[in-house]
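One structure is given below, encoded as structure tokens.
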Amino acid sequence: RVDPLDGRVHALERRSQRADACEHHSASRPHAGEPVKPCHHKASELRTANMALVRRALLATTAACAAAYLAPARRSTPVAPLAAAPGGLAVLQRKAQEAKQKKFLESLDDEDPVVKAMNAESASGRDAPGFGEVRRRLKRQKRGALGVVAEFNKKVPAALKAIGVQEYEIPDINLVSTELRGAGANVMAINMESVAGGCDDADFAYASLEQASAKEDFPGPLPLVWMDAVVDEVQLARAKIAGAVAVTLGLETLGAERCTALFDLAETKYGLEALVICAPRAAGADGLGDLLQSAINDVGAQVIIVGGVDQQTKCKAVVESDVVLVARVDAHDNQGLEEAEEAWDLRDAGYDAVWVSDVLYKFGSFSGNLFASSPDSVTSVIKAVKSKASTKFARASGAFSGKGEGAKEHLGDLLM
């Protein structure tokens, strides 16, 4: 590999030797009439230039060799990943929630309404007035219709985190409740899960009172859903006492057997509709089909919420059944309204309704560093989602101004 270098060095040495010979020849044979003048100065300059060339050649060759160097391969032993516990995170989540609910129950006295509800022997169950209202409202009655479940929570929307919002003003639940009813939402859900939702019993009470105030109005009160990671009967009793008409049950978290037991308990004892969530976070998109079949055949679900997978998987998961299918539409990390377009596609794929959350609150205005969601944007998003548009002919612009009769609305930009 170093032969080219040797050849270059030898050539330079020969060149230097020829220069010395030339110097000696010139000194020994002067021109006629001229004294002998040896060229020692020129020969020294030539040798210096030659040595500089040698050094540059050595440096270049060294760099080339270093770049071409290949370290010997190391022998390594692969480390096997840790074996996951049976059930994975679902089991851990369930156990943590069970411990929390047990502690809550122990803090109650015998005269507490929750304890009394749990100890009550007789119950109207599915014969209770208003039972099945959620299913009736969400079931598609005509082509192009789409039901909307609007969720309220206190967490900062991901889209706002993405644009660096430092302070977030939690929307007033009374204003949101009023806007949802007026905008045409079919059902309102309160996220009671401490991590994902952050709402408490007081928030649910406010929403319940606000909806009850519209009893003699049109549109009337919306049914309220107690959205939580339900793992124990005490949560069903709390939901019933609070005024909920339905609860959510996570099939993957509970497992088919436990989910079926809580499903029957919610509907037969407490008169609560049980909405079964099929979100295969542990199994991945490939596990959605098995969850849906288990929800229908094992649990007997009448309303199923599909989430935890992408839009394409949701569309492929539509089953031919009388079951009401609700698709959860997650908010995008931007200030656009692609969520409305996703809702249109899900409707065209066969879903009866969509479940929307963060997209309702990601539009608003800044006051310094404080971001406040606009109540009007809640109305705008609901109307855009429920509009009978299609991604084949329009795009959701999200440009809304005004409200009520005479308002100017742009539900889509026509693709001409």
Side-chain angles (χ1 to χ4, degrees), residues 126 130-151 180-189 218-225 227 245-249 251 267 272-279 288-289 291-293 295-297 299-330 337-357 359-360 378-394 396 411-412:
R126 295 187 176 99
F131 181 84
E133 182 69 8
V134 171
R135 185 183 189 280
R136 184 187 66 79
R137 284 174 173 255
L138 297 181
K139 183 65 177 177
R140 183 186 301 188
Q141 301 297 329
K142 56 184 178 180
R143 183 182 178 185
L146 184 67
V148 173
V149 181
E151 175 190 328
L180 292 178
R181 185 174 62 252
N186 303 88
V187 177
M188 181 177 181
F218 180 84
L222 299 179
L224 297 180
V225 176
M227 181 186 180
V245 300
V247 294
T248 57
L249 300 176
L251 180 54
E267 297 203 342
L272 297 169
E273 289 183 74
L275 316 182
V276 178
I277 300 176
C278 292
L288 180 58
L291 277 180
L292 288 173
Q293 292 301 320
I296 297 172
N297 301 327
V299 181
Q302 293 297 308
V303 180
I304 297 178
I305 304 165
V306 179
V309 293
D310 57 38
Q311 180 182 356
Q312 185 177 5
T313 304
K314 292 175 188 173
C315 292
K316 292 181 179 180
V318 176
V319 293
E320 295 295 333
S321 173
D322 194 44
V323 173
V324 174
L325 285 179
V326 183
R328 182 176 179 87
V329 177
D330 297 319
L337 197 55
E338 293 91 343
E339 297 86 349
E341 300 174 18
E342 183 177 342
W344 301 344
D345 290 336
L346 291 167
R347 175 203 62 204
D348 295 341
Y351 279 88
D352 297 279
V354 291
W355 186 299
V356 293
S357 176
V359 64
L360 299 172
V378 174
T379 299
S380 301
V381 172
I382 296 293
K383 288 185 176 181
V385 169
K386 292 180 71 72
S387 64
K388 296 180 181 180
S390 172
T391 54
K392 294 181 180 179
F393 307 106
L411 295 179

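Residue numbers run from 1 in the order of the sequence given.
R140 places a side-chain N or O within 3.5 Å of a backbone atom of R347 that can act as its donor or acceptor partner. Between the side chain of K388 and the backbone N or O of A145, no donor-acceptor pair lies under 3.5 Å. Using a distance-only test at 3.5 Å, with no hydrogens or angles considered, a donor-acceptor pair links the side chain of D352 to the main chain of L325. When atom types are taken as modelled, the side chain of E339 and the backbone of V329 share no donor-acceptor pair closer than 3.5 angstrom. Judged by distance alone, the side chain of E273 and the main-chain N or O of E133 form a donor-acceptor pair under 3.5 Å.
Contact detail for W355 and T248: the closest heavy-atom pair is CH2-CG2, 4.1 Å. The minimum heavy-atom distance linking V148 with K386 is given by the pair CG2-CG, 3.5 Å. When all heavy atoms of R328 and S357 are compared, the closest pair comes out as NH2-CB, 3.9 Å.
Annotation: the span from I277 atom CD1 to L249 atom CG amounts to 8.0 Å, rounded to 0.5 Å. Atom CG of residue L337 and atom CD of residue E342 lie 11.0 Å apart, to the nearest 0.5 angstrom. The structure places CG of N186 at 11.0 Å from CG of L180, a figure rounded to the nearest 0.5 Å. Atom-to-atom distance recorded for R143:CZ and D348:CG is 8.5 Å, nearest 0.5 angstrom.
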Output, in order, the C-alpha distance, side-chain angles, deciding distance and verdict of salt bridge (Lys or Arg N to Asp or Glu O under 4.0 Å) for K314 and D345.
CA-CA 10 Å; K314 292 175 188 173; D345 290 336; over 6 Å; no
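Contact annotation: the side chain of V324 never approaches that of V134 to less than 4.5 Å [non-hydrogen atoms, C-beta and beyond].
When each of L138, V303, V247 is paired with L275, the side-chain contact (heavy atoms from CB on, under 4.5 Å) condition holds for V303 and for no other.
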